Amino acid sequence: MPPFQLASREYKAEDTIIDLGTAAVGSGSTLIIAGPCAVESREIMIELAPVLKNMGVHVLRGGAFKPRTSPYSFQGLGEEGLKILNEVGRAVNLPVVTELMDVRDGELVYRYTDIIQVGSRNMQNFTLLREVGKMNKPVLLKRGLSASIEEWLLAAEYILVEGNQKVILCERGIRTFERYTRNTLDVAAVPAVKQLSHLPVIVDPSHATGRRELVAPAARAAVAAGADGLMIEVHPDPQNALSDGCQSITPQELAKLLQSVKGLEKYKFS
Ligand code: PEP
Ligand code: MN
């Protein structure tokens, strides 16, 4: 047995499929999660959600508690943001995902979201991992900025060992010497983790590249490498976004991206 026992293929040979209500992840088709980095206003979410829904997006994203590098940057709307995301998701019948940053907000975030995101910076917050492990909602576990594949799978293990089997892994780029891109997308981690683990693996090409012109090519690489889904930051007016505007694409650009990934799924099983 590898150190990450419950997450391993040795423990469970068949792919884990996670039911998200109106969609599923891990079953062969590509799950699409899209939405702004942060919930900025009700107006933006009301405008964006039906457009994304009509495009075939399966899950609406939006941060209410934002892990920002600077304490002076926009920190998210907190509970107000959770309410907006929940209301808008319900209105268009899309499940929603948002980040839980602090165990003290566990019950609050649980109430409003369908999928609980554990961010890159919290990948080794073991108290938080155990807490979401006790919840009965799917958890989207992002890879730590400097985490090895083994550390990432051991972080998943903390959730699994508490009883929650619904873990979705998300590769979002790692820190390397390269500064042109915000992070370095570890494409090979996708097939590597698929071989090591039965858990679904999705890719976030937005945080992995940090540059909107690289989001679509990175998304295509991810799907061709066998990713079970994509999480993409979309904003109606990226230049004026309150966070991560440089890596956000417009809904029109997302439509083109989604067209271009079609058919690449056929490489998944080879
Ligand atoms: C996010 O997805 O909103 C986010 C903050 O990403 P990460 O934790 O990967 O930096
Ligand atoms: Mn972001």
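Everything numeric in this text was worked out from a predicted model, so none of it was measured. We count ligands from 1, going down the list as the structure has it; atoms in each ligand are counted the same way.
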[X]: numbered ligand 1 atoms lying under 4.0 Å from its heavy atoms:
X: Gln117; result: 1 (C), 2 (O), 3 (O)
X: Gly119; result: 8 (O)
X: Arg172; result: 7 (P), 9 (O), 10 (O)
X: Arg61; result: 1 (C), 2 (O), 3 (O)

Partner set under side-chain hydrogen bond (donor to acceptor under 3.5 Å, both in side chains) for Tyr11, not counting sequence neighbours: none
List for me each residue that meets side-chain hydrogen bond (donor to acceptor under 3.5 Å, both in side chains) alongside Glu47, sequence neighbours excluded, and say none if there are none. none
Among all the protein's non-hydrogen atoms, which is closest to [atom], and how far away is it?
atom: atom 8 (O) of ligand 1; answer: Ser120 N, 2.8 Å
atom: atom 6 (O) of ligand 1; answer: Lys142 NZ, 3.0 Å
atom: atom 4 (C) of ligand 1; answer: His207 NE2, 3.5 Å

Just by distance, with hydrogens left out, do His207 and Asp244 show a side-chain donor and acceptor under 3.5 Å apart? yes
Kindly confirm or rule out a cation-pi arrangement of Lys66 over Phe74, judged by NZ or CZ under 6.0 Å from the six-membered ring centre and within 45° of its axis? no
NZ/NE/NH1/NH2 to OD/OE distance under 4.0 Å, Glu233 and Arg61: yes
With the threshold set at 4.0 Å, does a side-chain nitrogen-carboxylate oxygen contact exist between Arg42 and Glu87? yes
Quick check: does any side chain N or O of Arg143 sit under 3.5 Å from a backbone N or O of Arg172, one acting as donor and the other as acceptor? no
Do the side chain of His198 and the main chain of Ala13 share a donor and acceptor less than 3.5 angstrom apart? no
Near the Mn ion (ligand 2), meaning under 2.8 Å, how many protein N/O/S atoms are there? 4
With Tyr158 via ring-ring contact (aromatic ring centres under 6.0 Å, His included) - residues at least two apart: Phe126
